[in-house]
Amino acid sequence: MRYSYEQLEQWDKEYVWHPFTQMKTYVQEHPLIIERGSGSYLFDVNGNKYLDGYASLWVNVHGHNDPELNEALHMQIETIAHSTLLGSANVPSILLAKKLVELWPGLSKVFYSDTGAAAVEIALKIAYQYWQNIDPVRYAKKTAFVSLREAYHGDTIGAVSVGGMELYHRIFQPLLFERIEVPSPYVYRMSEYGNEQEIVQYCLQQLEHVLASEQERVAAVIVEPLVQGAAGIITHPRGFLKGVEALCRRYGVLLICDEVAVGFGRTGTMFACEQEQVTPDIVCLGKGITGGYLPLAATLTTNQVYEAFLGEADENKTFYHGHTYTGNQLSCSVALKNIELMEKRQLVENVRKKAEFLAKKLEMLYELPIVGDIRQKGLMTGIEIVQDRNTKEIFPRSEMIEHRIILEARKRGLIIRPLGPVLTFIPVLAMTEEQMETAVSILFDSIAEMAKAVR
Ligand SMILES: *Cc1c(COP(=O)(O)O)cnc(C)c1O
């Protein structure tokens with residue numbers, strides 16, 4: 001049975017509560033209802049075609065409806081869809097774990113879950129329990145976590161506890177555990193601190209100050225390596241991540257790197273940590289891990305962390321955590337195939353080349369007076385929209401300028417999303433240069449339209 005757009009629209013508005021969405025405004029507009037996908041394109045139920053400029057929320061790697069990923073999934077589903085990892089094993093989860101450990105020098109163990117937020121939640125609980133397992137008396141006070149200003153690590157309560165975004169996180173404050181905030185190098189809005197390197201130095205000094213005085217209470221530092229995605233694609237200058245790692249080592253706290261957004265080729269290397277030769281104690285993976293096919297996430301740890309959890313049955317060192325679908329075979333088999341295809345298709349090298357191409361194309365957006373800053377790392381792009389280039393003042397939220405720009409882009413065949421005043425262009429990783437060129441010219445026209453309207 002095929003339903004009409006009107007029927008689906010009515011039921012969507014009647015029954016579905018959308019995430020991160022003000023439903024009062026949502027129901028006043030006509031929703032985009034996606035029916036199918038192919039390569040870098042999405043098609044709605046009316047047959048309109050759009051470039052997927054947000055990689056279906058930063059997850060899609062090889063494009064939609066990839067024949068080889070489809071085949072891997074078909075083969076798995078004809079074998080078994082799911083059995084539990086609690087007390088038993090399964091084939092795809094073993095092979096994927098082996099592959100992930102091979103990709104991550106220094107990390108040895110894989111703990112599965114199904115969303116990025118859960119991977120973070122697990123990392124935080126492991127970090128806390130690690131110290132308790134080693135010495136519950138000596139480390140009794142290690143209950144706090146350090147994270148960056150504007151940090152985003154997901155939406156469950158533990159992940160929100162280490163979050164630093166006013167808009168999303170403030171309301172839940174009374175429910176959260178302790179977080180110590182340190183500044184992150186948001187170069188565009190920190191010019192009073194000097195040049196890039198001086199800003200990095202300032203941020204690292206602040207972190208050092210916190211660790212020197214609070215070391216006893218800090219279980220771990222958690223960061224998004226190289227790029228803070230949800231905060232508005234805040235790209236960190238070279239040296240910051242390495243500096244954070246060095247401070248964690250000096251003050252004896254664990255380092256958790258949340259690679260949920262930046263992992264799997266997004267920043268031009270398989271993992272962002274590679275670019276500064278950083279080896280965290282714990283890593284969180286998600287989003288692109290299955291190529292955008294199925295929900296799956298993983299938390300990886302070093303052997304040192306893992307060994308702190310080994311003990312006799314009555315020692316209570318077990319990590320009592322698990323989700324019903326942990327290690328699901330369909331997700332793990334498509335993830336393994338995704339990684340194999342990334343290697344076979346030399347996707348990461350291609351991302352680096354295409355990122356250079358994209359950077360050149362994006363420069364033309366600076367011709368538009370409301371474009372304040374363009375930030376890019378690999379195929380992760382943020383375009384900050386301002387009212388005034390000199391003061392860097394943003395438009396009042398009530399004007400919904402960025403929302404209006406993305407609607408303009410949609411009319412022209414490109415789907416993107418804003419994050420506050422920042423338009424993000426996070427294409428399917430396999431998007432061609434030609435398609436990216438089209439996307440940038442749609443971006444240009446859509447922003448130009450709005451620049452005219454507000455003048
Ligand atoms: C998206 C994201 C998460 C949360 O992942 P979900 O799968 O949405 O729970 C966590 N950390 C970072 C850096 C993210 O970008």
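Model, not experiment: these values are computed from the prediction. Whatever order the structure lists them in is the order used to number ligands and atoms, beginning at 1. Along the sequence shown, residues carry numbers from 1.
Checked by atom type and distance alone, the side chain of Q329 never pairs as donor or acceptor with a backbone atom of N90 at under 3.5 Å. Between the side chain of W131 and the backbone N or O of Y139, no donor-acceptor pair lies under 3.5 Å.
Among V59, V260, V262, the residue whose heavy atom sits closest to atom 3 (C) of ligand 1 is V260.
In summary, the atoms of ligand 1 found under 4.0 Å from a heavy atom of D258, numbered by their order in the structure, are 10 (C), 11 (N), 12 (C), 13 (C). Below 4.0 Å from some heavy atom of A261 lie the following atoms of ligand 1, by number and element: 15 (O). For ligand 1, the atoms closer than 4.0 angstrom to any heavy atom of G116 are 4 (C), 5 (O), 6 (P), 7 (O), 9 (O). Atom numbering of ligand 1 starts at 1 in the shown order; those under 4.0 Å from a heavy atom of E224 are 13 (C). Remark: ligand 1 atoms within the under-4.0 Å shell around heavy atoms of H153 are 10 (C), 11 (N). Short contacts between ligand 1 and A117, defined as distances under 4.0 Å to a heavy atom of the residue, involve ligand atoms 4 (C), 5 (O), 6 (P), 9 (O).
Judged by the 6.0 Å and 45° rule, R36 forms a cation-pi pair with F43. In this structure, K392 is positioned above the aromatic face of Y188, its NZ or CZ under 6.0 Å from the six-membered ring centre and within 45° of the axis.
Per-atom contact check: atom 8 (O) of ligand 1 does not touch the protein, criterion being a heavy-atom distance below 4.0 Å.
Between D44 and R410 no salt bridge is recorded (no basic side-chain N to carboxylate O distance below 4.0 Å).
Counting heavy atoms from C-beta on, the side chains of H323 and S113 come closer than 4.5 Å.
The shortest N or O to N or O distance between G154 and ligand 1 is not below 3.5 Å. In terms of polar-atom proximity, W58 is not counted as a contact of ligand 1, lacking any N or O under 3.5 Å from an N or O of the ligand.
The closest side-chain donor-acceptor pair between T156 and E121 falls under 3.5 angstrom. A donor-acceptor contact under 3.5 angstrom links the side chains of R179 and S147, judged on distance only.
Distance from atom 2 (C) of ligand 1 to its nearest protein heavy atom, with residue and atom name: K287 NZ, 2.6 Å.
Contacts between T115 and ligand 1, counted as non-hydrogen atom pairs separated by less than 4.0 Å, involve both the backbone and the side chain.
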